[in-house]
Number of protein chains: 2
Amino acid sequence: MPVTIYDIAREAHVGIGTVSRVFNNRPNVSDDTRIRILAIAEKMHYQPHASAQALARKHAYTLSVVMPFFTNYFSIEVLKGMQDTLAETGYDILLHGVNNTEQVDDFLLRGMKKGRVDGMIFVSMALSDKHTRQILEHKIPVVLLDTYRPEFDSIRVKNYEGAFHATQHLIRLGHTRIGMINASMRSFPAQERCRGFKDALQESGHEFSDRCIVSSDNDKQDGFNKNAGYNAMKELLERGMPRPTAVFVSSDVQAIGVLSAMEERGLRAPGDIAVVSYDDIELAKHFHLTTMHQPMYEMGELAIRKIIHRIQFPAEPPALESFTPALVIRETCGGNKEYSQFDDAQVQTT
Amino acid sequence: MPVTIYDIAREAHVGIGTVSRVFNNRPNVSDDTRIRILAIAEKMHYQPHASAQALARKHAYTLSVVMPFFTNYFSIEVLKGMQDTLAETGYDILLHGVNNTEQVDDFLLRGMKKGRVDGMIFVSMALSDKHTRQILEHKIPVVLLDTYRPEFDSIRVKNYEGAFHATQHLIRLGHTRIGMINASMRSFPAQERCRGFKDALQESGHEFSDRCIVSSDNDKQDGFNKNAGYNAMKELLERGMPRPTAVFVSSDVQAIGVLSAMEERGLRAPGDIAVVSYDDIELAKHFHLTTMHQPMYEMGELAIRKIIHRIQFPAEPPALESFTPALVIRETCGGNKEYSQFDDAQVQTT
DNA sequence: CTGAAAGCGCTAACAT
DNA sequence: ATGTTAGCGCTTTCAG
C-alpha cells in the first residue's frame with residue numbers, strides 16, 4: 001500500500017540502489033536520472049520509512065530526555081533550549097517525565113532498547129550505581145544535566161558555589177540569624193545547595209544549627225514547588241527559636257510560597273525577613289526576588305550539542321562543564337540597585 | 001556486536017522463531033525452552049531492536065505531540081496528563097515544540113515520514129487547509145486538542161462559552177464598561193474567547209466598541225504571556241476613553257501582567273477594575289484570580305486515549321469531545337465566596 | 001554512473 | 001512445539 005523505493009524504482013526504470021542514492025544525496029547519479037526520480041517520487045507521494053532507515057543505518061536520530069516531572073520553570077527552560085537546538089539537527093526527542101525513582105528503571109529500559117534512541121540525557125537526577133552500571137554495560141551515550149557522575153559527560157551549574165554566594169550576600173548585608181528553606185534532600189541540587197549554605201555560614205564564623213534548615217519532604221517535584229516552600233516556611237517560623245532575619249530558599253517557586261507564609265503573619269521582605277532564592281525563573285522578576293540566575297536555556301542547548309558529539313565520538317573521555325550562577329539583586333533582601341542588566345536587576349557574576 | 005535473536009537462538013539450540021515467540025509472549029513454546037531462552041537472553045544482555053521490531057510490526061509505538069511552545073501552564077499540564085497516561089500504554093511521545101507556523105511544516109513532514117510515529121496530536125493550533133490535506137493524504141491518525149477541524153477527532157474546551165460565561169459574570173456584577181485583554185488573534189482559542197466576550201456584551205444589550213479590546217501582537221506564545229498582558233493593559237488604560245470598570249483577560253498569565261500594569265497606576269482589583277481571566281493555572285490561586293478553570297490534565301489524558309483508539313480503528317468517523325470550563329470565583333472581581341470547591345474558590349459550572 | 005544482492009534484526013506464516 | 005522462510009523498506013558494498 002505505501003509507496004516504497006521499489007515502486008519508484010520500477011516506475012523510473014532504475015534499480016533501487018539508485019533511488020536510495022538520490023534520497024541520500026550521494027554522488028554518482030546523473031543529473032538526469034536524479035531529476036526524473038525526484039519527480040516521480042513527488043508524484044507518488046513517496047516518504048522514506050523511518051524505521052527501515054534506522055534499521056539499515058543503525059541510527060535512529062532520536063534522543064531520550066529523562067527529567068523529573070517538568071512542571072517547574074527550570075525543566076521547561078532547559079527543554080526549550082534543547083528543542084531550539086534540535087531543530088537544526090534532524091534529531092527528535094522522546095520526552096520521559098519521571099514522577100518517581102521506579103520510573104527511571106522503566107525509561108532506562110526503553111532507552112536502552114537497541115535502536116530506539118541514539119543517546120539519552122538525564123536531567124537533575126542522581127543516577128544510582130545500578131543505573132550507571134546498566135548504562136555502561138549497554139554502551140549507550142549519555143549526558144547528565146544538572147547532575148554529576150564521573151562516568152559521563154556532565155553539565156552542571158555550580159550549585160554549591162551558587163548557594164555559597166547567595167548566603168554570603170545575606171551575611172554581607174549584616175544578617176546573623178539566617179535560615180534555609182530547602183527542597184527534598186533526595187535531589188542532587190538540593191544537597192549541593194545545602195552544603196553551600198552551611199559552608200558559607202561556617203566560613204564566616206556564624207553559629208549554625210540544623211534547626212535553621214527546613215527540608216521539604218513534599219514528593220511533588222522533589223519539593224521544588226510553591227506549597228513546599230509555604231509549608232516549610234511556616235514550620236521554620238513555628239520552631240520557636242528566635243526568628244531568622246534572613247532565609248536562603250533553594251528555588252524561586254518555593255520562595256513564592258515562603259513569601260505567602262510570611263505575608264500571612266504580617267511579615268514583609270526584606271524588612272522583616274530578607275529572602276534570597278535560586279533559579280531566576282520568569283516570575284522571579286514579578287516577585288522582585290533577589291535570586292541566583294541559572295542559564296537554563298543555554299544548558300539545554302549545550303546538552304544537545306554534547307550528546308550529539310558524544311554519539312559521534314563515543315570513545316572520548318567524559319567531560320564536565322560547569323555554569324556559574326549569577327546573583328540577581330532585586331528587592332527581597334534589600335541591598336543596592338545601582339547596576340541593571342537583567343531587566344531591573346543587578347547582576348554579579350562572582 | 002550487539003546480541004540478536006540469532007545469537008541467542010544458536011546458544012539455545014533453537015530456531016529464531018522460537019526465540020521471537022518467547023519475547024512476544026506467544027503460546028506454542030514449551031515452558032522448558034521458554035525458561036531456557038529467557039535465561040540465556042538475560043545472561044547475554046539481550047535487548048530487542050526497536051527499529052527492527054517497528055519495521056516488522058509496522059508499528060512504532062510512538063506518537064508525535066506538536067504544540068506551540070510549551071512555556072505556559074496550559075501546555076505543561078496537558079503534557080503531564082499525556083505522560084501519565086502514556087506510562088500505562090507502552091507508547092512514547094516525540095515532543096515537537098513549535099515556535100512559528102513554518103515549523104509546523106517541518107514537524108508535519110517528520111510526523112508523516114512513514115514508520116516514524118503511529119499518530120500525531122496537535123495542540124492549540126489552527127491547522128491550515130494545506131496541512132489538513134496533507135494529513136488526510138497520508139492517512140496518519142490525528143487528534144486535535146484545544147482546536148477543531150471536522151476532519152479529525154477533536155477535543156476542545158468551550159472557549160466561546162467560557163468567555164461568554166466569564167463576561168456574563170462581570171455583567172451580573174453590575175459592570176457596564178467592560179474591556180478585554182486578548183492574546184494574538186492568530187490563536188484559535190483567542191478568537192473564540194473574543195467572540196464569546198463580544199456576544200455576552202451584545203446579548204445583554206451593552207454598548208460595545210472594538211476599542212475596548214486590546215489584542216496582543218506579541219509573538220511569544222501567541223501573546224499568552226505576562227508581558228503581553230502588561231503591555232496590552234497599559235495600552236487600554238491609555239486609550240483615553242472612560243476607564244473600564246472591569247476587564248476580561250484571555251489567560252491567567254496575561255492577567256498577572258494586567259495586575260502589574262494596574263498596580264503601577266495605583267489601581268487595585270477588584271476595587272478599581274475587576275478582573276476575570278482564563279485557565280486557572282497553579283498560580284491563579286496565588287494571585288486570587290477569578291478565572292475560568294480548564295481541565296488541562298484531563299484533556300491531555302483524553303487526547304492520548306483518543307489517539308490510541310484512533311490508531312486501532314482508523315475508519316471510525318471523527319468525533320468531537322468538549323469540556324466545559326467552570327468559573328472559579330476568587331477575589332479579583334469581588335462577588336460572593338459562599339461555596340468552596342477548588343481550594344478557596346467557589347465554582348459554578350454554568 | 002548504475003544494477004544486483006546482501007544484509008540490518010525482527011515478525012509471522014508455513015511447514016514439519 | 002519448533003524450525004524454516006519470506007518479507008518489512010532501506011543502505012551499502014561490489015560488480016560492471
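To find a chain, count down the sequence lines: A is the first, B the second, and so on, and within it residues start at 1. Just the heavy atoms: all of them, side chains too, but no hydrogens, waters or symmetry mates, feed the values below.
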Quick one: [X] [atom1] to [N] [atom2], roughly how many Å, whole number?
| X | N | atom1 | atom2 | result |
| --- | --- | --- | --- | --- |
| A/R26 | C/dG3 | CZ | C1' | 17 Å |
| B/I16 | D/dG7 | CD1 | C1' | 12 Å |
| B/H59 | C/dC10 | NE2 | P | 18 Å |
| B/D7 | C/dC8 | CG | C1' | 13 Å |
| A/R116 | C/dC10 | CZ | P | 15 Å |
| B/I8 | D/dG3 | CD1 | P | 12 Å |
| B/I5 | D/dG3 | CD1 | P | 13 Å |
| A/N25 | D/dT12 | CG | C1' | 16 Å |

Candidates [options] - which lies nearest the side chain of [X]:
| X | options | answer |
| --- | --- | --- |
| A/L55 | C/dT2, C/dG9, D/dT11 | C/dG9 |
| B/R21 | C/dT11, C/dA13, D/dC10 | C/dA13 |
| B/A52 | C/dG9, D/dC10, D/dT2 | C/dG9 |
| A/T4 | D/dT2, C/dG9, D/dC10 | D/dC10 |

By the 4.0 Å heavy-atom rule, please label [X] as base, sugar-phosphate, or nothing.
| X | value |
| --- | --- |
| A/P48 | sugar-phosphate |
| B/R34 | nothing |
| A/V14 | sugar-phosphate |
| A/S51 | nothing |
| B/H13 | sugar-phosphate |

Are the side chain of [X] and the backbone of [Y] linked by a donor-acceptor contact shorter than 3.5 Å?
| X | Y | answer |
| --- | --- | --- |
| B/S64 | B/G111 | no |
| A/R10 | A/I16 | no |
| B/R36 | B/A12 | yes |

Exercise. Hey, which of these two, A/P27 or B/Q47, hits DNA chain C nearer its 5' end, going by closest nucleotide?
Worked result: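 Nearest nucleotide further toward 5': that of A/P27.
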Using a strict threshold of under 4.0 Å (side-chain N to carboxylate O), is an ion pair present between [Y] and [X]?
| X | Y | result |
| --- | --- | --- |
| A/R110 | A/D106 | yes |
| A/R156 | A/E321 | no |
| B/R305 | B/D153 | no |

Tell me whether the OP1 or OP2 atom of [N] has a side-chain N or O from [X] closer than 4.0 Å.
| X | N | value |
| --- | --- | --- |
| A/T18 | C/dC1 | no |
| B/N28 | D/dT2 | no |
| A/Q53 | D/dT11 | yes |
| A/S30 | C/dT2 | yes |
| B/S20 | C/dC10 | no |
| B/K58 | D/dG7 | no |
| B/N24 | C/dT11 | yes |

Problem set entry | Base D/dC8 to side chain A/Y6, donor-acceptor N/O within 3.5 Å cut-off | no
